Structures are given as structure tokens and as C-alpha cells.
Amino acid sequence: MSSSQPFITSSPIVAGPRRKSKFTFKHLSLLSQSSTSCPLRVVAHIDLDAFYAQCEMIRLGVAEDQPLAVQQWQGLIAVNYPARSFGLNRFIAIPEAKKLCPQLIMQHVATWREGDDKWAYRPDSSKSINTDKVSLDPYRLQSRRILAVIKETLPPAPPQKVEKAGIDEVFIDLSEHVHSILLERYPELAGPPPYDDPLENLPQPPSTVLDWKADALVDLDSSQTEDDDPDWDDIVMLIGSEIVRDVRKAIREKLKYTCSAGIARNKMMAKLGSGYKKPNSQTVVRNRAVQHFLSDFKFTKIRNLGGKLGEQVVSAFGTDQLTELLTVSLDQLKAKVGDDTGTWLYGVIRGEDTSEISPRTQIKSMLSAKSFRPSINSIDQAEKWLRIFVADIYARLVEEGVVENKRRPKTMNLHHRQGGQTRSKQLPIPSGRRIDEGSLFDLAKTLLGQVIVDGRAWPCANLSLSVGGFEDGVTGNRGIGGFLVRGDEAKTVNSAQRLQNGHDSTDEEFAPRKRRKVADDPNIRRFFSKSESTGEYEDFDEDSGLQTPEHNDATDSGHQQSSKPEQDGRPKEQELHQQQLETYFCKACQRSIPRSEEAEHQDWHFAKDLENEDRHQTGSDTIARPNSNSVVRSKRGGSGTMRPGRGGKPQTGQKKLAFS
DNA sequence: GTGGATGAG
DNA sequence: CGCTCATCCAC
């Protein structure tokens with residue numbers, strides 16, 4: 001804990017130049033609404049340290065100071081921090097890595113293998129590139145567990161503004177939470193503004209020492225040191241930092257993972273902040289430090305400027321230094337990259353970013369793909385891989401709650417690459433019918449046929465299968481029996497859609513399912529439990545949609561077994577079948593329940609699950625709607641802020657009114 | 001809605 | 001690097 005020095009110290013407040021805060025009661029109100037244009041906004045970015053490597057360390061029970069890397073075929077895809085101190089990184093060749101760090105532990109990722117119906121960690125996987133495809137499922141599972149801990153650590157009040165930005169990172173909008181803590185702590189802010197004028201400035205904060213604990217603080221520009229008194233924007237950052245510290249602590253204590261975090265006024269700055277000091281540290285970027293902090297970066301490090309757009313800007317202005325771009329006028333920027341992108345760029349290099357934290361934690365598509373080292377040359381070969389892709393995707397669909405009709409993908413897509421050419425075809429997944437491996441595989445085969453009809457399809461260097469267009473299943477939760485169904489377009493459930501006894505079977509309906517909604521993720525309870533799939537393409541029994549082939553319960557301790565890196569015999573098929581008749585497998589509990597107790601058990605869940613809805617966000621709709629990144633800030637003159645266009649082509653930004 | 005491209009991790 | 005995911009755009 002090399003704590004850094006507090007940056008803001010007490011100022012004895014004698015006839016300060018300013019008796020009032022520069023923020024107003026209106027700003028405070030905007031904070032409570034998580035307005036993206038609020039100057040007191042607090043956003044956090046949390047990033048797991050070398051995530052895949054940590055997953056493997058924890059799974060295998062490797063000591064924290066042991067160098068470990070995660071291997072995929074002949075490359076490394078993650079390197080933990082102890083290993084990095086030997087000079088290792090992701091792009092280093094394996095013999096090189098061993099030379100630099102002889103004690104390096106290398107763990108290959110889990111793989112799917114033809115003829116097997118589960119992914120597994122296999123001792124020979126790195127030599128099996130021709131028969132295996134990698135599975136990231138273990139990491140997805142861990143990611144869900146972590147997300148769940150984050151959510152349960154934060155106030156429950158829906159909507160929780162947590163955005164999953166990747167398998168190992170999230171953004172959190174802390175504004176509302178910070179606001180409530182602020183009012184508790186400083187009751188003088190709670191009253192109505194003087195003269196009931198929201199534009200009245202807030203009182204100045206008490207000039208106490210701000211205790212930043214162990215947080216890293218971004219240095220101030222030397223030109224800014226005079227304006228020393230803490231204002232409310234400093235206080236809210238401090239509160240945000242305390243919250244984030246609690247979240248990180250919970251992740252650490254409950255799941256053993258370390259992470260780094262950034263706390264700042266918006267997503268961009270929070271993200272830059274989380275990368276400032278790693279591993280296992282958090283960094284506060286106070287508003288007064290933004291410019292100085294940014295000046296150290298190449299603008300190509302900023303999100304959306306890492307690719308062709310960034311290159312375009314570099315070549316247009318002959319520099320990759322952010323500071324130099326600051327001297328470029330808005331009009332010049334617009335002239336080079338278009339109006340919208342130019343406007344976006346002008347703001348972003350000044351630390352402005354009004355993009356929303358969209359409280360979405362669920363994926364929109366899933367994909368299973370493989371590059372073929374020697375290319376493949378026949379339909380036969382292609383179909384073998386399709387079989388594996390389908391098994392992979394189906395297992396993940398099960399995790400998504402698809403068999404319980406919680407969510408459902410609408411389309412399937414097949415991509416095919418031959419040489420430089422990539423072509424794809426897509427088809428709707430027939431509605432009204434249960435999704436199973438057999439139907440998915442048939443669809444995939446159809447797509448394959450469509451892709452290879454015209455033109456040369458061989459040799460094929462890459463195939464990828466994806467499903468997408470997920471629709472929410474039933475989200476409602478009324479109904480004494482807990483029986484719910486969903487029509488194709490039903491987004492919510494009302495009494496008319498509710499069935500008496502759970503088995504109406506119009507052709508257009510999916511098989512009605514009992515409700516079994518678990519917070520977000522039924523699978524998070526089991527550490528590295530394998531996802532299931534039958535491996536065969538037979539239908540489930542119509543009334544046993546909830547059941548899954550039994551897991552091997554031997555490792556189910558709710559926690560990792562450091563002793564068992566490798567898996568694990570699974571039940572024999574016959575036993576499986578027998579078991580399925582007498583029990584059903586409750587994914588929420590991760591255990592088998594006797595048929596006789598099924599109804600009661602379901603009802604118990606039903607009653608239990610009336611909390612967390614991740615669905616409809618009412619949104620802070622005063623300003624912007626979910627997914628709209630664009631909010632106009634009208635500080636003076638009011639310039640629009642928009643997303644950058646793609647490929648240098650600006651896209652229309654939508655404008656929303658702001659305050660002030 | 002479809003298919004390609006860009007971008008991030 | 002190889003694999004996943006998301007978003008946007010022209011059609």
C-alpha cells in the first residue's frame with residue numbers, strides 16, 4: 001500500500017476569493033438524475049487485472065506472486081503481473097517466454113473437441129489445433145460472478161447503472177448514489193435553494209482535508225495550483241472513490257480477484273484513469289486535473305481514435321500528440337473529418353464526454369469461430385466444425401436462459417473467409433419452436449450451402465457462426481403459480497397473457513415455461529462449472545425444458561477446488577437419462593430437484609426473485625435515451641457532442657437539450 | 001433487414 | 001495473436 005499523498009489539503013479559509021461554490025443547486029439536481037451533462041457527474045471504470053490469467057490462477061490455486069500466462073495454441077493471450085516483471089507480454093513467443101522466465105506457468109485455455117460434448121481443460125490442447133476450438137466459457141462465467149458481486153455491492157435501486165464494456169471491464173455511473181451520500185453527509189445541501197432559485201450557487205464545501213486514502217491522484221497542472229480550495233466536484237469524486245474502493249474490496253474478498261479502477265467525470269476519463277496505475281489500484285481524475293492528465297497522451301489512445309479515424313487525424317495534422325491538437329480550431333477539425341466527427345473530436349481531446357452508461361449487462365449476440373491453419377477444403381470438414389460451433393453456442397444459449405425462454409435469438413449468421421474475401425449469410429431462427437442443437441445445426445448447414453453455392457468457397461481460412469437479435473423473454477412476474485408464457489412480441493406480461501396452468505400450446509407459442517428468473521445469471525453459482533449440452537441432437541422432452549443433463553457434482557463446493565484443474569468424468573449417458581426422469585436440474589440452485597418437489601421449488605424461486613429487473617430502464621429521460629450517446633452541452637453557445645463516425649465518415653449526432 | 005467494415009479488448 | 005463482441009453504414 002504505497003499510499004500517495006493527498007493532493008488537496010486544507011486551506012484555512014480566511015477570506016477566500018470565493019465564498020460560494022461554483023456549482024449550483026441545479027447541478028446538484030442533475031447529479032441526482034445522473035444527467036450526462038452534470039458537471040458533478042461521477043463515473044467509474046473497473047478493469048480486472050490480467051483477467052484470464054487471474055482466472056487461471058484462482059482456478060488452479062496458484063500463488064499470487066507466481067508468474068503465469070494463459071496460452072492459446074502457440075501464443076500467449078494473457079500474462080499476469082508477476083510474469084510481466086520478467087519482460088513478458090502477450091506477443092512474445094513461447095520459447096522466448098520460457099527463456100526469460102523459466103518458472104513461468106503456462107495454462108492453455110479450455111477447448112471444445114470434436115466428439116466431445118463439453119469444453120474442457122486438456123493436457124494436449126496446444127497440440128490439437130486441428131481438432132479443437134478454444135472456449136472462453138470459463139472466463140465468461142467468472143465475469144458473471146464478478147458482475148453479480150458488483151451489483152450486489154451497489155444500492156439495489158433499479159436501474160443500476162452498470163454497463164458491461166467487455167468480459168473484464170465495466171462502467172458504473174455513480175452519480176445518483178454519490179448524490180444521496182452527499183446529502184447525508186452535508187445536510188446543508190439538502191434544503192431548497194435560497195430564493196428557490198436553482199441557479200443559486202451552492203455554499204462552499206467545508207475546507208477539511210480530503211482524505212484520498214490509497215488512491216492515486218492524477219497530478220495537477222502547475223498552472224492550476226492556485227485554485228486550491230476543494231469544491232463539490234472534488235468531494236463527489238472522493239465519495240465515488242470510496243464507493244469504488246468498497247466494490248473492489250467486495251470483489252477481492254468474495255472472489256479473490258484484483259482490479260484497477262478509474263473515477264472521473266465521464267467514461268473516457270474514467271477509462272484512462274483505470275489504466276493509470278495497475279494492478280490493484282484506483283485512480284481519481286479530478287476535473288481540475290483533466291487537462292494535465294490528457295496532455296500526456298497520444299490522442300490515438302482515446303477510444304475510437306485507435307484505428308483508421310485516428311490515422312486520418314494524425315495524417316491531417318501531422319501529429320499524434322493530443323496537446324498539439326488543442327491548438328486546432330473547431331472549424332479546422334470539421335474540415336478534415338467532417339462536422340460531426342470534428343465536433344466530437346474537439347470535445348473529447350478536452351476531456352468532454354457525455355456518453356451514457358447504458359445499464360446493459362446482457363449480450364446481444366454470440367459467436368463461435370475458428371481460423372483454419374491449413375485451410376479446409378470440403379463441406380465435410382466445414383460441417384464438422386459447424387457441429388462444434390453449434391455445441392458451443394447452444395451451451396451458451398442455455399446459460400442465457402434460452403431453454404427457459406428467458407431470452408431468445410432471432411437470427412443465425414455464418415461467415416466464411418476465403419483469401420481476402422469474407423462472405424456471410426443469415427437466416428431467421430424459426431419462431432414458435434424450441435431451439436435445440438438439432439435445429440441450430442440444420443440452420444447452420446443451410447447457411448453453409450448458401451455461402452458456398454456461387455464462386456469458389458475453398459480453401460476456406462475461417463468460419464464463424466453466430467446468433468443474434470436476442471429478444472427478452474418474459475420479464476413479468478405476476479401470477480400465483482408462476483406460470484408465464486410469452487408471445488412473439490410480448491415484452492411484458494399482463495393477466496391476459498398469463499395462463500392458468502402452464503400448458504397452453506398454440507403453435508405460435510413457445511412451450512410455456514415456468515418462470516425461473518434468477519437475478520441475472522443462473523450460472524454464477526458454480527465455480528467453473530461446465531456448461532452443458534447434450535452432444536446429441538435429440539429433442540428434450542417437451543415438459544422438461546428446465547432440466548439439463550446433470551453435472552458432475554463432485555466439484556461443487558461453491559468454490560474452486562484448487563486441486564482439480566482438470567475435469568472430471570461426467571455421468572454416463574444411461575445414468576443421465578434415468579436421472580432426468582426422476583429429477584429436474586434447477587440451474588438456479590445448481591442441483592437436482594426431485595420431480596415431486598418441482599412445483600413447490602419453482603414457486604419458491606418465483607417468490608424469491610422479485611427484485612432485480614435489469615430490463616426496462618426508465619432512463620434519465622430528461623436528457624437522453626439509452627443508447628443515445630449524444631447530448632448537447634450548452635455551456636456557452638452550446639455545441640453538440642456526437643459520436644465519431646466510422647471510417648472517417650461522420651454520422652449524424654442527435655441533439656438533446658441540456659441545462660444552464 | 002443484409003452484408004461489410006471498423007474498433008475494442 | 002486469435003477470438004469475441006458491438007456498432008455503424010450503404011444497400
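Note that the coordinates shown come from a computational prediction; the quantities given were computed from them, not determined experimentally. Quick note on labels: first sequence line is chain A, next is B, and so on, each numbered from 1.
- Cation-pi check for A:Arg59 over A:Tyr121 is met; the charged atom lies under 6.0 angstrom from the ring centroid and within 45 degrees of its normal.
- Listed nucleotides: C:dC3, C:dC5, B:dT2. Nearest to the side chain of A:Thr411: B:dT2.
- Distance from the side chain of A:Gln72 is smallest to C:dC3 among C:dA6, B:dG9, C:dC3.
- Using the six-membered ring where Trp is involved, A:Tyr257 and A:Phe51 have ring planes that are tilted, between 30° and 60° apart.
- One can place CD1 of A:Ile94 at 14 Å from P of C:dC1, the figure rounded to the nearest angstrom.
- Atom CG in A:Asp340 sits roughly 13 Å away from atom P in C:dC8 (whole-Å rounding).
- A:Asn413 has its CG atom 13 Å from the C1' atom of C:dC5, to the nearest Å.
- Regarding A:Gln74, its CD atom lies at a distance of 13 Å from the P atom of C:dC3, rounded to whole Å.
- How far NZ of A:Lys133 is from CH2 of A:Trp119: 13.0 Å, rounded to the nearest 0.5 Å.
- With sequence neighbours excluded, the residues that form a ring pair (Phe, Tyr, Trp, His ring centres under 6.0 Å) with A:Phe293 are A:Tyr276, A:Phe297.
- Taking the side chain of A:Ser365 as heavy atoms from C-beta on, and the options C:dC5, B:dT2, C:dC3, the nearest nucleotide is C:dC5.
- Positionally, the nearest nucleotide of DNA chain C for A:Arg373 lies more toward the 5' end than for the other of A:Arg373 and A:Met366.
- Distance A:His108 NE2 to C:dC3 C1': 12 Å, rounded to the nearest Å.
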